[in-house]
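Have a look at the structure below before the remarks.
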Amino acid sequence: RKEVEQDPGPFNVPEGATVAFNCTYSNSASQSFFWYRQDCRKEPKLLMSVYSSGNEDGRFTAQLNRASQYISLLIRDSKLSDSATYLCVVISSSNTGKLIFGQGTTLQVKP
Amino acid sequence: EADIYQTPRYLVIGTGKKITLECSQTMGHDKMYWYQQDPGMELHLIHYSYGVNSTEKGDLSSESTVSRIRTEHFPLTLESARPSHTSQYLCASSELPGGYTFGSGTRLTVV
């Protein structure tokens, strides 16, 4: 079983839609969680950290459920420019700062 | 302007050649990483370093080697390239957990 699992999609949505991605992680000792964004043929870039209390950055909301070991990302009022692959990323206590990446969920926003 | 640089951006080379992928960062980060990513697939950690003269193998077995003689420089070497090494190689550095900055990557094709 992979340490971090995501639905690869693709998610095809119209502009203005609200879309939610989920990610599950297997290591209950995992400490830190992030969402990265990767555009086609580009490097990943940090989108936002995920805090236990949940956090919001504009149209983006990230939540963590430690009991169920899943992380979510909600995008409201989606834009064409949101089209990308969203990577769920976990740091577990056993690997001292190394990031474990999920396969990524591809989002395609259509006009 | 990028603070972490990878060269070359693209490389097509014949089987059996020795190659070195360069990675340099100007942020003074102690932690540096090499990831390998095939198209549409997740990133896999192949090497990391927590400082000068410190290198470790990552989670994915790789025939490549790395060195860290200077803080800012973390080159990756393949002694004898094979078609199975065809992939994208991404270098990253970090100071804080999760705050990775990635280079633009090197797309390697071995023919």
Side-chain angles (χ1 to χ4, degrees), chain A residues 1-11 21 23-27 29-52 55 62 64 71 84-108, chain B residues 1-7 9-10 21 23-25 27 29-51 54-60 62 66 74 87-109:
Chain A
R1 183 187 171 191
K2 293 182 179 180
E3 192 162 347
V4 180
E5 296 207 61
Q6 295 180 251
D7 179 350
F11 283 50
F21 306 138
C23 164
T24 58
Y25 60 95
S26 60
N27 188 344
S30 298
Q31 295 182 328
S32 303
F33 311 90
F34 308 88
W35 284 101
Y36 275 69
R37 169 185 170 140
Q38 186 172 25
D39 292 302
C40 187
R41 303 179 76 83
K42 298 283 191 181
E43 71 274 21
K45 293 185 179 178
L46 179 65
L47 180 65
M48 58 196 305
S49 303
V50 186
Y51 304 122
S52 298
N55 49 302
L64 167 65
I71 308 145
T85 296
Y86 291 84
L87 305 171
C88 176
V89 184
V90 170
I91 296 178
S92 67
S93 61
S94 63
N95 60 20
T96 323
K98 291 183 290 178
L99 299 185
I100 307 297
F101 286 82
Q103 186 178 359
T105 298
T106 298
L107 172 66
Q108 187 67 44
Chain B
E1 189 171 327
D3 296 311
I4 181 164
Y5 305 90
Q6 288 187 246
T7 58
R9 186 72 187 271
Y10 301 94
L21 308 185
C23 176
S24 295
Q25 50 99 1
M27 297 171 283
H29 290 167
D30 285 326
K31 299 180 178 66
M32 295 188 75
Y33 311 84
W34 276 103
Y35 284 84
Q36 184 175 342
Q37 185 181 34
D38 293 324
M41 304 299 288
E42 62 263 55
L43 286 83
H44 290 288
L45 181 67
I46 52 174
H47 297 283
Y48 62 99
S49 167
Y50 287 157
S54 151
T55 61
E56 301 286 345
K57 287 190 179 295
D59 304 318
L60 181 69
S62 173
V66 292
F74 190 39
S87 188
Q88 175 169 241
Y89 294 84
L90 287 157
C91 179
S93 72
S94 74
E95 187 173 40
L96 300 173
Y100 278 32
T101 301
F102 280 87
S104 299
T106 294
R107 291 191 178 272
L108 172 65
T109 302

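The structure presented is a predicted model; accordingly, all values stated were derived computationally and were not measured. Order of the sequence lines fixes the chain letters, A, B, ..., with proteins taken first and strands second; residue numbering starts at 1 for each chain.
Checked against the 6.0 Å centroid criterion, the rings of A/Phe101 and B/Tyr35 qualify as a close aromatic pair.
When A/Lys2, A/Gln6, A/Gln103 are each tested for a side chain to side chain donor-acceptor pair (under 3.5 Å) with B/Glu42, only one passes: A/Lys2.
For B/Leu43, the parts lying under 4.5 angstrom from a heavy atom of chain A are both the backbone and the side chain.
Residues that satisfy the side chain to side chain donor-acceptor pair (under 3.5 Å) test with B/Ser49, not counting sequence neighbours, are B/Arg68. Under the rule for a side-chain contact (heavy atoms from CB on, under 4.5 Å), the partners of A/Gln108 that lie at least two apart in sequence or sit in another chain are A/Asn12, A/Ser83, A/Lys110.
Side chains of B/Asp59 and A/Ile100 form a contact here, defined as non-hydrogen atoms less than 4.5 Å apart. Using a 4.5 Å cut-off on side-chain heavy atoms (C-beta onward), A/Pro44 and B/Leu90 make contact. Side chains of A/Leu99 and B/Tyr100 form a contact here, defined as non-hydrogen atoms less than 4.5 Å apart.
Taking chain B as the reference chain and counting heavy-atom pairs below 4.5 Å, the highest number among A/Arg41, A/Lys42, A/Lys45, A/Gln38 is found for A/Arg41.
For the atom pair OG (B/Ser94) and CG (A/Leu46), the distance works out to 11.5 Å, reported to the nearest 0.5 Å.
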